[in-house]
Amino acid sequence: MEPDELLEGLTEPQREAVVHGDGPLLVLAGPGSGKTRVITHRAAYLARTITHARHILAITFTNKAAREMAERMERLDVGPGLTCSTFHSFCARSLRMYGDRAGIKPNFSIFDEADQQQAMKAAIRQAELSEENFTPARMLHKISRLKNAMILAEDFAQQAQGWEDRAVARIYLAYQQVLKAQNALDFDDLLVEMALLLGRDPELRDHLNDRYRYVLVDEYQDTNHAQYLIARGLALNHENLCVTGDPDQSIYAWRGANLQNILQFEEDFPKAKVIRLEENFRSTPQILDAADAVIKHNRKRKRKALFTCNPAGPPVRVARCEDQHAESAFVAREIKKHVNAGGRYDDVAIFYRTNALSRNIEAALRNATIPYQIARGVAFFQRTEVKDVLAYLKVVANPLDTVSLERIINTPARKIGKTSVERLFACARQRGRPPQALLERPEDIPDIPKAAVKGMKSLMSLLAGIAEAAEHGAVRDAVEYVVMNSGLLSHHHDSADSSAVENMNELISAAAQYDRQHPDGDGSLTDWLTQVALVSDVDAIDPEVGAVTLMTLHAAKGLEFNHVFMVGLEDGLLPHQRSREENGDIEEERRLCFVGMTRARRALTMTYAKWRESRGISQRTTGSQFLHELPREGIEQITVHDEEEEWRYDREVDEAPLDDAYEWREGQMVRHPDYGTGQIQALEWTGRGTRARVRFKAIGDMTIYLQYSNLEPLEFEEMD
DNA sequence: GGTCCAACATTTTTT
DNA sequence: ATGTTGGACC
């Protein structure tokens with residue numbers, strides 16, 4: 001392919017971004033503006049003209065995005081040696097290669113959430129604080145935020161003010177000690193250590209700068225400070241850093257993403273060229289207008305002109321449903337209609353704010369025999385039996401990994417009781433040696449019952465067998481060896497949950513697939529474990545699987561579907577209640593809504609339920625304020641009733657102003673059990689919920705919180 | 001060491 | 001309402 005062919009069919013700004021040669025480049029790309037196309041064509045163009053594929057590094061946030069990008073670049077014939085990777089896997093790989101320069105052993109374990117939890121419990125104990133007051137989950141979150149901001153344990157210990165922060169600092173220090181002792185890094189450490197390494201080791205930095213002469217970071221608006229330092233460090237010498245992103249799609253501030261990274265790019269890199277991609281090639285004008293109307297309500301925002309030349313499509317629909325059952329049944333019915341009219345299941349996606357909302361939808365889809373896939377890739381790897389198998393392999397790969405050792409030492413049972421385990425760990429601490437080293441001679445550990453000694457010996461020979469299998473064979477062989485010889489198979493075979501055995505077999509298949517991807521024997525157990533540790537929810541989604549896709553709004557970023565349903569558009573759900581509480585950010589919720597809406601190509605349906613059941617109780621809801629922010633025109637309203645097991649809905653296309661879709665609106669007549677009838681004068685969304693100023697006929701103006709009052713909307717004919 | 005029951009919380013979003 | 005965890009009991 002000739003370089004010029006790569007420019008065919010591109011708009012002027014797209015073309016400019018593709019041909020931009022050396023120097024920093026910021027591509028501000030609105031939703032559906034062909035960003036991925038620009039990135040892939042740019043990489044191919046660079047590889048064709050001024051560099052080689054092996055000097056190009058593209059960093060994304062999910063494996064799925066990395067995989068897709070690599071495939072698309074391959075199709076453009078970019079050449080061999082290109083690196084497409086997520087931040088985390090790039091860091092993990094680099095640290096395995098170069099970490100020894102910073103005292104990190106190459107076989108380090110990567111601790112997932114459950115592992116972190118265990119390590120944190122140990123740390124809290126070590127810091128002599130109670131799990132009651134310092135819950136592991138909260139501490140992990142706090143420490144994660146600190147790490148994302150590159151505040152190390154030592155730094156924080158120095159600056160911590162007040163009793164609580166000083167306690168957190170002690171826990172942070174202890175936690176890092178626990179990880180260090182186990183030769184383990186958590187997700188955040190991968191970034192932190194890489195950023196530190198780049199900062200402290202100029203020689204390595206130069207080496208990497210020379211290897212990766214063109215660095216490309218996607219979704220730059222979601223980078224945290226550590227990721228920012230990594231991107232900068234990788235491009236320090238050549239400044240060939242191309243970042244793409246959209247401030248309006250920043251949805252990870254809660255996880256430490258720093259919007260300033262993208263907003264201040266031009267100040268960071270004064271020579272930066274800035275290109276705006278504002279033409280949308282994805283959605284209908286109705287969808288784009290609706291999304292634009294919502295996002296315009298954000299104050300902290302740079303104005304951006306979104307436009308599309310796409311032909312008009314059906315109106316954006318807002319469906320008010322009686323309750324969550326009516327809602328999910330409506331969605332299922334609409335999907336059926338779509339398919340009966342010749343549409344495909346994989347045209348359709350359903351988004352929700354919280355994972356808990358998927359349950360109803362799933363039930364309705366199953367009921368209607370609609371095939372669906374759900375973005376829950378990590379769930380598989382969190383299954384007990386899968387975690388067990390992996391823990392054996394992790395112990396073999398990294399003998400210092402005590403969290404994993406503790407998991408498997410007596411699973412399946414080999415007569416090593418809780419007390420024996422405690423004595424083993426106590427003895428290890430006392431002698432300053434790792435527990436697994438003591439297991440070489442279990443009879444030397446004081447007060448261990450004979451049976452336990454025997455169990456420890458059999459565990460050690462099992463581990464030796466796994467190590468042997470891992471050394472000589474493919475990863476598949478090692479995994480299979482664990483499943484076959486650990487006793488886990490029979491342990492789970494007669495358990496009530498028959499899927500356990502299937503899952504272990506599936507894990508073997510996953511390893512086999514990995515082996516096939518590494519036919520030259522360049523794969524390794526450690527590498528596979530890394531890959532497995534870094535899978536994300538969306539990674540499991542196959543866009544062409546012939547099924548409806550279910551996912552959270554967060555997971556939806558970067559994807560697109562012909563028909564999108566967004567459910568649960570309710571006050572407290574989207575925007576989520578938590579965004580109202582301390583340091584919450586309602587604007588981030590609005591961006592989340594914007595991201596969801598702009599995933600839709602042809603059709604967008606937003607639903608909400610008047611009654612929603614959560615935790616066993618049904619509660620009256622209020623429509624999301626974002627619905628009120630939709631434009632006045634081009635919206636179709638649907639009311640979904642629940643009538644005698646027959647789901648029916650009425651339509652009022654464009655006949656009434658949008659506000660009629662909601663029972664709570666200015667001018668609405670209402671009845672209060674104590675104050676009688678009145679009219680809503682004003683509505684306001686506050687920290688405590690939706691607040692209405694009502695002018696009652698009998699007593700005058702009152703301020704009422706909708707969710708706490710038994711206010712009832714009155715139909716026209718009911719008014720006195 | 002395994003099973004069963006009761007108490008408990010339910011995590012917004014995730015690499 | 002439901003799933004998880006911890007403790008009591010076998």
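On a predicted model such as this, the values are computed, not experimentally measured, just so you know.
Rounded to whole Å, atom P of C:dA1 lies 14 Å from atom CG of A:Asn360. Spacing between atom CG of A:Leu357 and atom C1' of B:dT11 amounts to 14 Å, rounded to whole angstrom units. Rounded to whole angstrom, the span from the CZ atom of A:Arg383 across to the P atom of C:dT4 amounts to 9 Å. Nucleotide B:dT14 holds its P atom 16 Å from the CG atom of A:Asn224, rounded to whole Å. Going from atom OH of A:Tyr252 over to atom P of B:dT13 covers 11 Å, rounded to whole Å. Atom CD of A:Gln324 and atom P of C:dA1 are 12 Å apart (whole Å). At whole-Å resolution of the value, CD in A:Glu362 and P in C:dG3 are 12 Å apart. Rounded to an integer number of Å, the gap from A:His141 NE2 to B:dT11 P is 15 Å.
Once the 5.5 Å centre distance and the 30° plane angle are applied, the aromatic ring of A:Phe187 is found not to be stacked with the base of B:dT14.
Each of A:Arg359 and A:Lys418 was assigned the nucleotide of DNA chain C with the nearest heavy atom; the assignment lying further toward the 5' end belongs to A:Arg359. Residue-to-nucleotide proximity on DNA chain B shows that, of A:His554 and A:Arg414, the 5′-proximal contact is made by A:Arg414. Nucleotides of DNA chain B nearest to A:Gln117 and A:Glu113 differ in position, and the one nearer the 5' end is that of A:Gln117.
Of the candidates A:Thr244, A:Thr223, A:Thr36, A:Asp218 forms a side-chain hydrogen bond (donor to acceptor under 3.5 Å, both in side chains) with just one, namely A:Thr244.
Using a 4.0 Å heavy-atom distance criterion, A:Ile416 is classed as a sugar-phosphate-only contact. Using a 4.0 Å heavy-atom criterion, one finds that A:Asp188 contacts no nucleic acid atom at all.
Side chain of A:Thr552, nearest nucleotide from B:dT14, C:dA1, B:dT15: B:dT14. Side-chain proximity of A:Thr86 to the nucleotides B:dT13, B:dG2, B:dT15 is greatest for B:dT15. Comparing atom distances between the A:Ala413 side chain and each of B:dT13, B:dG2, B:dT15 picks out B:dG2 as nearest. Taking the side chain of A:Glu613 as heavy atoms from C-beta on, and the options B:dG1, C:dA1, B:dT13, the nearest nucleotide is C:dA1.
Proximity of the aromatic rings of A:His554 and A:Tyr252 is defined here by a centroid distance below 6.0 angstrom, and this criterion is met.
Contact check, A:Asn355 against B:dT14: a side-chain N or O comes under 4.0 Å of OP1 or OP2. Between B:dG1 and A:Asn410, a contact under 4.0 Å exists linking OP1 or OP2 to a side-chain N or O.
For A:Asp186 and A:Tyr175, the side-chain atoms include at least one donor-acceptor pair closer than 3.5 Å.
Salt bridge status for A:Lys394 with A:Asp115: present, with a side-chain N to carboxylate O gap under 4.0 Å. The pair A:Glu362-A:Arg359 does not meet the salt-bridge criterion, since no charged nitrogen lies less than 4.0 angstrom from a carboxylate oxygen.
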